[in-house]
Amino acid sequence: MQPLQLSILAFCLVALCQTCQDTESSTTTKDWWETAQFYQIYPRSFKDSDGDGIGDLNGITSTLEYLKDLGVTAAWLSPIFKSPMVDFGYDISDFFDIQPEYGTLDDFRNLIKKANELGLKIILDFVPNHSSDENDWFKKSVKREKGYADYYIWHDGKVNATTGKREPPSNWLQAFRGSAWEWVEERQQYYLHQFAVQQPDLNYRNPDVVAQMKRVLRYWLNEGVAGFRCDAVPVLFEVEPDENGQYPDEAVSGLTDDVDNRNYLKNELIENRAETIDMAYQWRTVMDDHQRIYGGDTRVLLIETYAPPAYTMQFYGNRSVKGAHLPFNFNLITVPASNGVSASSIKTAVDNWLLNMPAGRTANWVIGNHDQRRAASRYGVANTDAMNMLVMSLPGASVTYQGEELGMTDGWISWADTQDPAACNSNQNVYEQFTRDPSRTPFQWTSGNNAGFSTAAKTWLPLASDYKTINVETELAASSSHLKIYKALVEMRKSSKTLQNGSTKYAVLSEDVFVIKRSLSNSPTIIYVANLGSSSVTVDLRELDKTLTSSLILELCSLNSMKAVGASIETKNLELLAGEALIFTSN
Ligand code: GLC
Ligand code: MG
């Protein structure tokens, strides 16, 4: 069959039944990032080397062997640059230097050196949308210094006809509650900030800013990084002022649960603009140019985007222009999940990526990050292995947020201990709705003092309460653990041609059960099945695929499974406990 006929057939299958399918990959040799296991490190909370209660670069360097042992391909570090830490590094006061609490440029060079020796890649966080208000660029811009006057988005504001008072240029809201405009007495103008007041938005309509930010990329590429995770990309450009120089107001969304919150407005003028997509294409050129000049492996661009598929998919590029290697797929993060998740919402999330992704691109799967509650807390502790197995059974790359391999859960943080600006800008009664601190508690290395994270009397955020049992040391010593399952999964994906190149078929069986079949000619078929519900259920895997053999060999099972790896298990009457997840092979 011709590829076109095949895709028509695949489309008909999708339209006719619950089961979805895509075809096997035509290229069998993949570039490193296409099957990579990315691992996100939140440096402040990973490992503290100097006892100040704050994670640092030397701490990370000392743990690279752990990452190597996990089998991950590349570690992405959340921002490590000089910052007043209003948004914990996402407010950068010097894009070319390291935050002193985290170490020095020499420490960073040492980290890269050690990573290279171990064959691990290091990816940095690139925060293009804004700087800190303590950045020299901003200080110069406030003073209208030559070359910097238009580095940020400045506006006189409007005079209210009734009161005669000056008001912000528009009703736009920042992500952390309150107006997106801040008045500066010295310059007698407002500046735009889509995040905290201390995070002024850079002006991408100024070519000097575009060039400066490309300098930032080249600077760190020259230090040997393997690419970037690009922060908050969809908000890079806003609508231009109208012919009278005024910014239009955003329309009201109709969501009235919290009028101070950004959801109150539609945010159609301040995000997801076409110019932003083009900027990502320009950064891709910077990556490719660097590789062409200096050689070595592909330098990757990963894009943070919580946007509708039609917008997100454009980041991949098109026939005439290359885009990001991987726009992050947050579909599994945005599914409704709170101490549990439904199999049908998992299917919808998978559909929404695979059915919208342009042909020939690489999918990716993310279940957590430093902005979300931890995966085990959202999908339910019982589904920890089921979710880790899911992202590694689906086609393409996947991203692990530190601690997902252990099944770490959210820490509880009192109002007094709260650090996150998203929560601090609210109040004691509602902060838990907004706080991102629970997923940022220190990484759990041991069952000892401060979970082995730090020797300090007090760590920057308190530990999560489960560290005595959920930690690296204990899980490595146990005969089976989330960590051991995770390692086996990474190993399996590295060695399985089927997982790397195979076609994908998936379905919901019996309400709570999600099943995936990966197949490739001349390679063993792989079946993933998970019961995400809260009671046991018996399924017939042949409902997914009539051609399945009557029994399958169990390769891997979740911690809560009673089955034995290596056993031959009947396809027809497969009993699954709540949270039980299994991976089978068949020839
Ligand atoms: C991104 C980051 C988040 C940060 C925001 C502003 O969404 O992931 O942590 O607060 O951008 O930089
Ligand atoms: Mg430290």
side-chain hydrogen bond (donor to acceptor under 3.5 Å, both in side chains) test vs R518 passes for just one of T498, T525, T504, namely T504
Test side-chain hydrogen bond (donor to acceptor under 3.5 Å, both in side chains), reference D288, set R292, H290, R284, output is R284
Polar contact flag, side-chain donor to acceptor under 3.5 angstrom, [X]-[Y]:
X: Y90; Y: D125; result: yes
X: Q37; Y: R493; result: yes
X: E405; Y: Y39; result: yes
X: T348; Y: S345; result: no

* If you draw a 6.0 Å radius around NZ in K494, do more than 12 non-hydrogen atoms from other residues or ligands fall strictly inside? -> yes
Here the gap from N329 atom CG to T362 atom OG1, rounded to the nearest 0.5 Å, amounts to 12.5 Å
Which of F81, F96, F95 passes ring-ring contact (aromatic ring centres under 6.0 Å, His included) with W220? Answer is F81
Tested for ring-ring contact (aromatic ring centres under 6.0 Å, His included) against F46, the lone hit among Y66, F443, W76 is F443
Report the C-alpha distance between T459 and N450 in whole Å, list the side-chain angles of each, state the deciding distance to 0.1 Å, and finish with yes or no for side chain to side chain donor-acceptor pair (under 3.5 Å).
CA-CA 8 Å; T459 53; N450 291 333; 4.8 Å; no
Quick check: do E475 and H482 have side-chain heavy atoms less than 4.5 Å from each other?
yes
Where do W33 and T73 land on the side chain to side chain donor-acceptor pair (under 3.5 Å) test, with the steps shown first? CA-CA 8 Å; W33 54 273; T73 324; over 6 Å; no
When you look at N471 and T446, which way does the side chain to side chain donor-acceptor pair (under 3.5 Å) test go after all the steps?
-> CA-CA 5 Å; N471 63 68; T446 70; over 6 Å; no
Measure from NZ or CZ of K121 to the centre of the six-membered ring of W32, then state whether that distance is under 6.0 Å and the direction lies within 45° of the axis. yes
Hits for side chain to side chain contact (heavy atoms under 4.5 Å, CB included) against A363, two or more places apart or cross-chain, chain-then-number order -> W353, L354, M357, W365
Report task. Apply side-chain contact (heavy atoms from CB on, under 4.5 Å) to the pair L77 and I60, showing each step before the final yes or no. Result -> CA-CA 10 Å; L77 313 185; I60 296 172; 4.2 Å; yes
message: Q444 vs D466, test: side chain to side chain donor-acceptor pair (under 3.5 Å). Steps then yes/no.
response: CA-CA 9 Å; Q444 294 160 198; D466 59 8; 3.3 Å; yes
